[in-house]
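Both ligands and their constituent atoms are indexed starting at 1 by order of listing.
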Amino acid sequence: MLYPVMLNIAGQKAVVVGGGAVAVRKARSLIDAGAVVKVISPEVSEAMNELLSGSTISWQKKEFAPADIKDAFLVIAATNSRETNELVQQSASPCQLINLTDDPQGSRFIVPASFQRDKLCIAVSTHGASPALSKRIIRELKEQFNDADVAYIAFLEKCRTVIKQSLPASEMRQVLLKQLASPGFEKQVKAASSIEREQLLTEMLTDWREKQ
Ligand SMILES: C[C@@]1(CC(=O)O)C2=NC(=C\c3[nH]c(c(CCC(=O)O)c3CC(=O)O)Cc3[nH]c(c(CC(=O)O)c3CCC(=O)O)/C=C3\N/C(=C\2)[C@@H](CCC(=O)O)[C@]3(C)CC(=O)O)/[C@H]1CCC(=O)O
Ligand SMILES: NC(=O)c1ccc[n+]([C@@H]2O[C@H](COP(=O)([O-])OP(=O)(O)OC[C@H]3O[C@@H](n4cnc5c(N)ncnc54)[C@H](O)[C@@H]3O)[C@@H](O)[C@H]2O)c1
């Protein structure tokens with residue numbers, strides 16, 4: 001079993017080897033996460049060219065050589081050459097995060113299908129059994145969330161910050177924090193105006209103090 005994580009790669013160096021369709025997809029998601037991306041490839045596709053002109057990503061027009069990944073935090077081998085992807089794998093140091101787009105078993109991480117909307121992130125993996133199914137599951141789950149959920153999550157973040165600042169760590173505080181995520185509270189928040197939402201939070205804190 002693989003270990004699912006949310007990686008903070010903002011400002012970290014990432015190298016994508018290859019310039020085709022798969023490399024573009026991986027490079028785009030790395031840029032979205034704030035990584036400093038370098039592409040190594042003798043040729044790049046039209047889509048990669050567009051990405052290169054519209055963002056801060058750089059391109060070295062050359063075949064892969066081991067020194068290309070020396071300082072990288074994260075490496076993606078996305079060429080159509082098995083030998084090259086294998087050379088990338090062999091060139092990686094033991095603590096570099098490396099993904100081989102044609103070899104899940106040889107990868108230190110694989111990329112799940114995902115959907116991100118503000119703070120909401122849903123990711124699905126089949127451990128490489130069927131990327132197409134992962135993609136379909138995400139498409140189906142995506143349908144279940146809308147702007148109201150995004151606003152609800154933003155409000156929960158605010159409530160949680162206020163509760164953590166106002167109340168000492170205790171079992172009761174945990175009960176309150178769990179209550180924020182309950183279906184009943186979700187319903188109340190979604191039906192409330194922004195002023196009513198603030199009142200809900202105030203009432204919650206007042207109730208809690210009265211119970212002390
Ligand atoms: C989710 C997504 C994320 C992303 O890439 O960003 C992703 N693949 C996506 C799409 C996709 N990939 C493939 C198809 C064709 C249909 C099919 O094969 O099912 C489709 C569907 C399509 O394109 O519509 C072909 C394919 N994929 C891999 C191999 C190599 C191999 O299996 O050995 C081959 C060649 C197989 C062959 O030889 O033909 C390997 C991997 N692909 C993974 C991720 C990792 C496992 C994810 C998991 O656990 O489910 C893993 C293990 C490694 C990795 O890449 O990290 C992205 C959806 C993005 C989106 O939502 O738009
Ligand atoms: N993980 C996935 O989601 C997924 C999906 C489909 C395919 N694949 C696999 O990913 C790989 C790439 O697929 P694609 O459709 O992007 O291929 P592609 O043919 O469109 O692109 C391959 C790229 O690799 C570059 N390249 C070739 N030799 C190189 C070298 N020595 N150094 C640097 N760059 C080099 C080429 O210039 C080209 O830009 C294939 O091996 C395929 O099996 C993975």
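- Residue Thr126 approaches ligand 1 through these ligand atoms, each under 4.0 Å from one of its heavy atoms: 48 (C), 49 (O), 50 (O).
- Residue, atom and distance of the protein heavy atom nearest to atom 10 (C) of ligand 1 are Arg25 NH2, 3.6 Å.
- For ligand 1, the polar-atom distance check against Gly128 finds a nitrogen or oxygen pair separated by under 3.5 Å.
- For atom 22 (C) of ligand 1, a protein heavy-atom neighbour is present inside the 4.0 Å cut-off.
- Residue contacts with ligand 1 for Asp102 involve N, CA, C or O but no side-chain atom from C-beta outward (heavy atoms, distance under 4.0 Å).
- At most 12 heavy atoms of other shown residues, nucleotides or ligands fall within 6.0 angstrom of atom CD in Glu46.
- The nearest heavy-atom contact from the protein to atom 31 (C) of ligand 1 is Pro104 CD, 3.9 Å.
- At least one protein heavy atom sits closer than 4.0 Å to atom 57 (C) of ligand 1.
- Contact annotation for Leu133 and ligand 1: no heavy atom of the residue comes within less than 4.0 Å of the ligand.
- Those atoms of ligand 1 with a heavy atom of Ala113 less than 4.0 angstrom away are 1 (C).
- Taken from CZ in Arg25 to CD1 in Ile76, the straight-line distance is 10.0 Å, to the nearest 0.5 Å.
- Residue pairs meeting the salt bridge (Lys or Arg N to Asp or Glu O under 4.0 Å) criterion with at least one member in residues 141-153, sequence neighbours excluded, are Arg117-Asp147, Asp149-Lys190.
- Two residues are said to be in side-chain contact when any heavy atoms from C-beta on lie closer than 4.5 Å; Lys13 and Lys38 fail this criterion.
- Within the 4.0 Å heavy-atom criterion, both parts of Ser125, backbone and side chain, lie near ligand 1.
- Under the 4.5 Å side-chain criterion, counting only non-hydrogen atoms from C-beta, Phe64 is not in contact with Thr79.
- For atom 38 (O) of ligand 1, no protein heavy-atom neighbour is present inside the 4.0 Å cut-off.
- Heavy atoms of Thr101 approach ligand 1 to within less than 4.0 angstrom.
- For atom 42 (N) of ligand 1, a protein heavy-atom neighbour is found at a distance under 4.0 Å.
- The shortest distance between side-chain heavy atoms of Asn85 and Arg82 falls below 4.5 Å.
- For the pair Val75 and Ala72, the tightest heavy-atom approach, listed with the atom from each and the gap, is CG2-CB, 3.9 Å.
- Among Val111, Leu30, Leu100, the residue whose heavy atom sits closest to atom 2 (C) of ligand 1 is Val111.
- Looking at Arg28, Lys26, Arg136 and measuring to atom 54 (C) of ligand 1, the nearest heavy atom belongs to Lys26.
- A 6.0 Å sphere centred on NZ of Lys62 holds more than 12 heavy atoms belonging to other residues, nucleotides or ligands.
- Side-chain contact check for Leu74 versus Leu7: some heavy-atom pair is nearer than 4.5 Å.
- Between Val22 and Ala78, the shortest heavy-atom contact is CG1-CB, 4.3 Å.
- For atom 14 (C) of ligand 1, the closest heavy atom belonging to the protein is Pro131 CB, 4.5 Å.
- Taking a 4.0 Å cut-off on heavy atoms, Pro112 registers as neighbouring ligand 1.
- Side-chain atoms of Leu51 and Arg28, non-hydrogen and from C-beta on, do get closer than 4.5 Å to each other.
- Between Asn99 and Lys26 there is a side-chain heavy-atom pair separated by less than 4.5 Å.
- Tracing side-chain contacts under 4.5 Å through hydrophobic residues (I, L, V, M, F, W, Y), one reaches Val44 starting from Ile31; they form part of the same cluster.
- Heavy-atom contacts of Asn99 reach the following atoms of ligand 1: 53 (C), 54 (C), 56 (O) (cutoff under 4.0 Å).
- Using a 4.5 Å heavy-atom cutoff, the side chains of Leu120 and Phe115 are in contact.
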### Task
Could you give me the CA-CA distance, side-chain angles and deciding distance for Gln96 and Phe73, then say whether side-chain contact (heavy atoms from CB on, under 4.5 Å) is met?
CA-CA 6 Å; Gln96 278 176 319; Phe73 173 70; over 6 Å; no
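- Contact atoms of ligand 1 toward His127: 49 (O) (distance under 4.0 Å to a heavy atom of the residue).
- Ligand 1 has an N or O atom lying under 3.5 Å from an N or O atom of Ala132, backbone or side chain.
- Ligand 1 has no N or O atom lying under 3.5 Å from any N or O atom of Asp103, backbone or side chain.
- Atoms of ligand 1 found under 4.0 Å from any heavy atom of Ser134 (numbered from 1 in listed order, with element): 48 (C), 50 (O).
- The closest non-hydrogen atom to atom 62 (O) of ligand 1, taken over Arg139, Lys135, Gln105, comes from Lys135.
- Atom numbering of ligand 1 starts at 1 in the shown order; those under 4.0 Å from a heavy atom of Ile110 are 46 (C), 49 (O), 52 (C), 53 (C), 56 (O).
- Environment of NZ in Lys61: crowded, with over 12 heavy atoms of neighbouring residues, nucleotides or ligands closer than 6.0 Å.
- At a 4.0 Å heavy-atom cut-off, the residues surrounding ligand 2 are Val17, Gly18, Gly19, Gly20, Ala21, Val22, Arg25, Ile40, Ser41, Pro42, Glu43, Glu63, Phe64, Ala78, Thr79, Asn80, Thr84, Thr101, Asp102, listed by chain and number.
- A 4.5 Å side-chain heavy-atom check between Met204 and Phe185 finds at least one atom pair inside the cut-off.
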